[in-house]
Amino acid sequence: MTSSSAIAQIGVTGLAVMGSNIARNFARHGYTVALHNRSVAKTDALLDAHGDEGEFVRTETIEEFVGALEKPRRVLIMVKAGEATDAVIEELAAVMEPGDIIIDGGNALYTDTIRREAAMKARGLNFVGAGISGGEEGALNGPAIMPGGPKESYESLGPLLESISAKVDGVPCCTHIGPDGSGHFVKMVHNGIEYADMQLIGEAYHLLRDALGFDAARIAEVFTEWNSGDLESYLVEITAQVLQQVDTKTGKPLVDVIVDAAEQKGTGRWTVKSALDLGVPVTGIAEAVFARALSGSRGQRKAAQGLASGTLAEKPTDAARFTEDIRRALYASKIVAYAQGFDQIAAGSAEYDWNLRPGDLATIWRGGCIIRARFLNRIKDAYEENPELPSLILAPYFREAIEQAVDSWRRVVSAAVQLGIPVPAFASSLSYYDALRAERLPAALTQAQRDFFGAHTYERVDADGKFHTLWSGDRSEIAA
Ligand code: NBP
């Protein structure tokens, strides 16, 4: 049903796939939703197709749109991230009043959100940067929502967002994350973890295909089985479905006729850039971003066909055992990728004084979002038991899980190396684990080298303070 005079509880501007589905989700939950899009054709298309799903208010101009909203006004922007978002914010801010709330549900870079929040605050407006995950299906049926911004605005906004979010055990997959850019920051890291998760699944698939010679249908069966255990997750589930899909044109598995060059929209790259600035080793995510870049270097890859492989090992003969090894290696690598992502969240929280609660994130990522998984219940429990965990790997459950997997993990990485199958994320996750648990790293040598050429000083294991060796002099040590 549509009306031109109703007072709407929420307005949605930007009615492409995400905005229309979220608007429908609000309407299906009984809210009256004011609709606006730059070009009115999208508004009308939505009303024509789904206008009977709830109460909508059709508007054409921004003034009409804002005028249709009850106060304090709540407007959700779902336009293309970047300049379009700035343009729409400016248009809205010109007609909104102090106390009103502008929510950006797009994939904004968190530093843009920090800037926008400060600018709106100076004009008396509340600005909420909300990360939304779940793609178009989630937007319609229940996404995970990560709203940042002023806590007071969550009091008015939270109940609406919570009602349209996914629920797990009756708990909404939405909570107030923290100030200014924190919502978009955690959404960014979520997407980074998603990259790592997908890369690890890709490496497992590659090993099953090329080390064991399984076809797509058989690999689909393996993923289906894995989805009934610790690895149960949306991504593993859709992997099995993708691998079952047959191309109607050729009769071959669809995955075999898709060009093997992965694209990216940028949130993985942002995660790695931010991790570099924060000094957090997110090796799983970085390898995933680089693996997509390498796959996309099609000219270079074509030129490199036929490069020497060296002598390759024989393929594993015990397929069942090697499949189980891959499963365990995947699980252990996944634990590392999540541990690294949560480290980045902790570092971002400290850097920006956000006071983020990792257990809350694990709770809201259990449903709605792309990385939803049984595993997140374990992460939630781990942070509930010890909110100050130095690393997720050290939580008793994960520690034990890795202990059980570590031999398999080493066998899989060794076999991959010997068979010439690239496993950058499996291998770097294992190296990260080994580095983390090492009693002595070669970093002492690095420090000595730095002191040698740059007098950068070093600390000693047996005394406090900083020291320098007179490398160009008599090589005695002085306190620095
Ligand atoms: P798009 O990212 O494709 O954006 C299309 C929308 O932006 C249309 O409504 C378009 O209006 C509007 N727009 C543009 Br483009 N420039 C504008 C401008 N200067 N002023 C006003 N409106 C403008 O849509 P989407 O895929 O639905 O995604 C929306 C947001 O949600 C994005 O930020 C995206 O990153 C984020 N997101 C997407 C997903 C997903 O799975 N797709 C998941 C999570 C988050 P028009 O109709 O007049 O051209």
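Quick note: residue numbers are just sequence positions, from 1. In listed order, ligands and their atoms are each counted from 1.
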Which atoms from ligand 1 have a heavy atom of Ala84 less than 4.0 Å away?
14 (C), 16 (N), 17 (C), 18 (C), 19 (N)
Under 4.0 Å to a heavy atom of Leu15 - the qualifying atoms of ligand 1, by number:
9 (O)
Which atoms of ligand 1 sit under 4.0 Å from any heavy atom of Ile132?
44 (C), 45 (C)
Within 45° of the axis and under 6.0 Å from the centre of the six-membered ring of Phe375, does NZ or CZ of Lys334 qualify?
yes
Tell me whether the guanidinium CZ or amine NZ of Arg292 lies under 6.0 angstrom from the six-membered ring centre of Tyr195 and within 45° of its axis.
yes
Quick one: does atom 35 (O) of ligand 1 have a protein heavy atom under 4.0 Å from it?
yes
Please say whether Lys187 places an N or O atom under 3.5 Å from an N or O atom belonging to ligand 1.
no
Could you go through Phe223 and Leu208, starting from their C-alpha distance and side-chain angles, then the distance that decides it, and tell me whether this counts as side chain to side chain contact (heavy atoms under 4.5 Å, CB included)?
CA-CA 10 Å; Phe223 276 100; Leu208 291 165; 4.2 Å; yes
CD of Glu97: more than 12 outside heavy atoms within 6.0 angstrom?
yes
Can you tell me the protein heavy atom closest to atom 18 (C) of ligand 1 and the distance?
Arg38 NH1, 3.4 Å
Could you list the atoms of ligand 1 found under 4.0 angstrom from a heavy atom of Val88?
20 (N), 21 (C)
Over-ring placement of Arg218 relative to Phe214, 6.0 Å and 45° cut-offs
yes
Can you name the one residue among Arg38, Glu91, His36 that meets side-chain hydrogen bond (donor to acceptor under 3.5 Å, both in side chains) with Thr13?
His36
Based purely on interatomic distance, does Val79 place a nitrogen or oxygen under 3.5 Å from a nitrogen or oxygen of ligand 1?
yes
For Lys265 and ligand 1, does the shortest N/O to N/O distance drop below 3.5 Å?
no
Closer than 4.0 Å to some heavy atom of Met78 - which atoms of ligand 1 meet that?
29 (C), 31 (O)
Give me the nearest non-hydrogen protein atom to atom 3 (O) of ligand 1 as residue plus atom name, then the distance to 0.1 Å.
Ala16 CB, 4.6 Å
In terms of side-chain geometry, is the basic nitrogen of Asp169 or Arg366 positioned less than 4.0 Å from the acidic oxygen of its partner?
yes
Between the candidates Ile370, Thr13, Asn37, which shows the shortest non-hydrogen contact distance to atom 11 (O) of ligand 1?
Asn37
So if I count the atoms of ligand 1 from 1 in the order they appear, which ones are less than 4.0 Å from some heavy atom of Gly14?
9 (O)
Heavy-atom nearest neighbour of atom 26 (O) of ligand 1 within options Ile62, Val17, Thr43, Asn21:
Val17
Between Gly229 and Arg374, what is the shortest heavy-atom contact and its length?
O-CZ, 3.3 Å
Answer yes when Asp180 and Arg116 have at least one side-chain N-carboxylate O distance shorter than 4.0 Å, and no when they do not.
no
For atom 45 (C) of ligand 1, the option (of Val12, Ile22, Asn107) bearing the nearest heavy atom:
Asn107
Proximal atoms of ligand 1 relative to Gly135 (non-hydrogen, under 4.0 Å)
41 (O)
Can you label the angle between the His176 ring and the Tyr154 ring as parallel, tilted or perpendicular, going by 30° and 60°?
tilted
Please determine if Lys80 has a nitrogen or oxygen closer than 3.5 Å to a nitrogen or oxygen of ligand 1.
yes
N or O pair under 3.5 Å between Glu91 and ligand 1
no
Under 30°, 30 to 60°, or over 60°: which ring-plane class applies to Tyr352 and Trp354, parallel, tilted or perpendicular?
parallel
